[in-house]
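A quick write-up on the structure given underneath.
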2 protein chains.
Amino acid sequence: MLVPHHSVLKQLPPFARLSEIEITEVLRSAVPRRYPAGSVVFEQGAAALHFSVLLNGRLRVTQVTPTGEQVVVRIVNPGDIFGIARALRLHTYPGTATAVVESLALSWPMEQWEPLVERYPSFAASAIRVIGERLLEAQSRIREISTEVVERRVGHTVLRLVQQSGVREAEGIRIDFPISKQDLAEMAGTTLHTVSRILTAWEHAGLVDTGRQKLMVKDPHRLLLVADGIEPGLLG
Amino acid sequence: MLVPHHSVLKQLPPFARLSEIEITEVLRSAVPRRYPAGSVVFEQGAAALHFSVLLNGRLRVTQVTPTGEQVVVRIVNPGDIFGIARALRLHTYPGTATAVVESLALSWPMEQWEPLVERYPSFAASAIRVIGERLLEAQSRIREISTEVVERRVGHTVLRLVQQSGVREAEGIRIDFPISKQDLAEMAGTTLHTVSRILTAWEHAGLVDTGRQKLMVKDPHRLLLVADGIEPGLLG
DNA sequence: CCTGCTGTTTGCGCCAGATCAAAGTGACGT
DNA sequence: ACGTCACTTTGATCTGGCGCAAACAGCAGG
């Protein structure tokens, strides 16, 4: 099936307001791409040749500093647009994207971006909203990192994951892709060691359930209280 | 002069590609607003009623955390669009904007945003770029705050100010609006005291010249070396 | 079943930088 | 000129959480 994406695409906000004909038109220049778990989708510094929509799977976008430390910029969820460097007048990708699980994306050559924005105002409006949401999230993280103590930062990081990538289960909400303590540390702006200690404390208190690359939040409400500083930390 | 803004507006990227007639049209729904130094332009949590373009002056946008700490989100420079909360589907402003010097802005009712984006693709494209730039800057700050030591963070903060709001002078580059050490601290994610110590050290080394709400960078090149960790810190 | 690899836990010492405290100084109004 | 207020400097102390180190546990592949 060369065009299984017709209906899928219509679900996504950026394309929701396009007609059947327009979608067919838009799909003409798109190619589906499959990324095995662990593979690199694009690399920091490489020429920005494509922008894409994630159909399913999960990507992790990281940046490395000039001195070699890594930070996780964001997690790309199904439905998200990613790799839009050129819209920001960049010629290279500002970060590296890696598939954390087997993933499928729909990919357009970068030159299609401008026409898409110019021709479909609803696409432009949607793009603004998507980028705007990322901006708000980034600003929240800045506020968190610069004013909050580690335990609360880790709390907010986990809650953000729950909201963006959580699936309800009997015992709580599971983050449905493999995530290491190292990843959490790079999201919260701390170290692997500190994250490990915090999660262990939370596990004893019954807030979460953790394991090798597994994370499940059993008591989101109470975790929120800790993250917001209403309930004191559980360390020590 | 009710419409002195015709030519001014045409200088600004979001409006640069509009025709004379279109600009007249766009200006019809705009009102100029004057903000005395120190006055509040809009307040965090208030209903988002307007979006604006800063014609001259300088605004400081801050956020306060639930627990009362403040962080400086960004400085609005002439030519910048600000207060576009509604474009991000927010109904209230996520931060507070204060005029640091007497400022003049052109202001539209929020309902005009969607029509503007839908009608003028070049406006939409420009908005995407502006928001995207803020996003990149926010991500840089996240990387800095979570991986760099204070001195280098303060360095990058100052360099960012130089780039965005610096004016060449005989002795170096001056930040052309009043900025306190407290402001710098809230931008770099540290405390007033630490900023003071660092700037004192830099002053002794001839990198900067500081005073009461004054900041001038005498040796931007060397400051960059310190900020990038190529040259060791000057503290102690 | 063993072996290796990668992710995780936990203990301990230490230091960057926050916090507390107090004195110093430039700008502005009267 | 003087006093006041806001901003700044500097010192002294305290501590969160980082860095280092070493042991431990899932999981994959032979």
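Residue numbers begin at 1 in each chain, while the letters A, B, ... track the order of the sequences.
In this structure, Glu231(A) contributes its side chain and Arg222(A) its backbone to no donor-acceptor pair below 3.5 Å. Formation of a donor-acceptor pair under 3.5 Å by the Ser146(A) side chain with backbone atoms of Ile142(A) is found in this model. Under a 3.5 Å cut-off, the side chain of Thr98(A) and the backbone N or O of Gly38(A) do not form any donor-acceptor pair. For the pair Gln44(A) (side chain) and Val64(A) (backbone), a donor-acceptor distance under 3.5 Å is present.
Pairs engaging residues 172-220 of chain B under the ring pair (Phe, Tyr, Trp, His ring centres under 6.0 Å) rule: none recorded [sequence neighbours left out]. Annotation: ring pair (Phe, Tyr, Trp, His ring centres under 6.0 Å) contacts involving residues 49-71 of chain A, sequence neighbours excluded, comprise Phe51(A)-Trp108(A), Phe51(A)-Trp113(A). Among residues at least two apart or in separate chains, ring pair (Phe, Tyr, Trp, His ring centres under 6.0 Å) pairs with a member in residues 80-101 of chain A are Phe42(A)-Tyr93(A).
Between Arg60(B) and Glu186(B) no salt bridge is recorded (no basic side-chain N to carboxylate O distance below 4.0 Å). Ionic pairing of Arg34(A) and Glu102(A) is present here: one or more N-O contacts between side-chain nitrogen and carboxylate oxygen are shorter than 4.0 angstrom.
If you take CH2 of Trp202(A) and P of dT9(C), they are 13 Å apart, rounded to a whole angstrom. Atom P of nucleotide dT9(C) and atom CG of Leu184(A) are separated by 11 Å, given to the nearest angstrom.
In the helix from dC1(C)-dG30(D) to dT30(C)-dA1(D), the end axes, each obtained as the rotation axis mapping the C1' atoms of four pairs onto the next four within a five-pair block, lie 40° apart to the nearest 10 degrees.
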Protein proximity profile, nucleotides 5-10 of chain D - base contact B, sugar-phosphate-only contact S, no contact -, cut-off 4.0 Å on heavy atoms: -BBBBB

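Near-neighbour residues of DNA chain D inside residues 142-154 of chain A, defined by a heavy atom below 4.0 Å, number-ordered: Val149(A), Val150(A).
Considering only heavy atoms from C-beta on, Thr194(A) stays 4.5 Å or farther from Arg153(A) through its side chain.
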